[in-house]
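Below is one structure, written out as structure tokens; the observations come after it.
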Amino acid sequence: MLMILKKVSWNKGTTDNGHDYDYCRILCDLPVYEGSKNEFGIDSFELEYGSSEKHKELLHLKGKLPMQVDIAYHEAKKGKNFVRVVDHIREIKQAEKP
């Protein structure tokens with residue numbers, strides 16, 4: 001699915017009440033379906049990319065965002081909530097301007 005990748009964030013640590021956290025997340029934009037009768041514009045949403053170590057796979061994109069990417073993801077249950085988990089991400093190369 002084609003999206004605009006806007007942000008990569010990661011963190012690892014322990015909360016004050018002793019819960020460990022370790023994540024890498026990406027923030028993307030996706031146009032609302034043009035045929036929608038009750039909304040238009042852009043939806044922004046967060047996807048889980050993996051542990052904080054996985055951010056290294058995306059460091060080559062630093063300074064290039066926002067950019068178009070092709071992302072495949074699935075939904076998974078995390079506690080009481082559902083999260084979107086990235087299966088793969090591929091950079092879409094833009095044509096050079098003359």
### Message
Same cluster or not: L27 versus I4, using hydrophobic residues (I, L, V, M, F, W, Y) connected whenever any side-chain heavy atoms lie under 4.5 Å apart?
### Response
no
## Note on the structure
One should read off an interatomic distance between F82 CZ and E75 CD, to the nearest 0.5 angstrom, of 7.0 Å
#### Entry: Hydrophobic cluster identity match, L65 and L59, side-chain contacts under 4.5 Å
yes
### Message
Does K62, at its NZ atom, have more than 12 non-hydrogen atoms belonging to other residues, nucleotides or ligands within less than 6.0 Å?
### Response
no
## Note on the structure
Rounded to the nearest 0.5 Å, the NZ atom of K64 sits from the CE atom of M67 at a distance of 6.0 Å
### Message
Would the distance check show the side chain of D22 and the main-chain N or O of S52 forming a donor-acceptor pair, the cut-off being under 3.5 Å?
### Response
yes
### Summary
Value for NZ (K6) from CD (E46), rounded to nearest 0.5 Å, stands at 11.5 Å
### Working for side-chain hydrogen bond (donor to acceptor under 3.5 Å, both in side chains), residues Y33 and E39
CA-CA 8 Å; Y33 171 60; E39 64 181 343; over 6 Å; no
### Task
Give the intermediate values and the outcome of side-chain contact (heavy atoms from CB on, under 4.5 Å) for residues Q68 and E91.
CA-CA 7 Å; Q68 189 173 33; E91 181 179 346; over 6 Å; no
### Message
Tell me if the CG atom of N17 is crowded by more than 12 foreign heavy atoms within 6.0 Å.
### Response
yes
### Message
Rounded to the nearest 0.5 Å, what separates atom OG1 in T15 from atom CG in D20?
### Response
8.0 Å
### Other residues, nucleotides, ligands: >12 heavy atoms within 6.0 Å of F40 CZ
no
### Task
Could you check if a side-chain atom of R25 sits within less than 4.5 angstrom of a side-chain atom of K7, using non-hydrogen atoms only?
no
### Query
Is it true that the NZ or CZ of R84 lies under 6.0 Å from the centre of F45's six-membered ring and within 45 degrees of the ring axis?
yes
### Query
Under the criterion side-chain contact (heavy atoms from CB on, under 4.5 Å), which of L47, V83, I26 is the partner of Y73?
L47
### Task
Check M1 against L30 and note the closest heavy-atom contact, atom names and distance.
SD-CD2, 3.8 Å
### Message
Return the CD1 to CG distance between I92 and L2, rounded to the nearest 0.5 Å.
### Response
5.5 Å
## Note on the structure
When rounded to the nearest 0.5 Å, the distance separating CE of M3 from CD1 of I42 is 12.0 Å
## Note on the structure
What one should report as the nearest heavy-atom pair of C24 and K54 is SG-C, 4.4 Å
### Task
Give a yes or no on whether V86 and L58 share a hydrophobic cluster (residues Ile, Leu, Val, Met, Phe, Trp, Tyr; joining criterion: side-chain heavy atoms under 4.5 Å apart).
yes
### Task
Flag yes if L5 and Y23 sit in one hydrophobic cluster, no otherwise; membership is Ile, Leu, Val, Met, Phe, Trp, Tyr, and two members link when side-chain heavy atoms are under 4.5 Å apart.
no
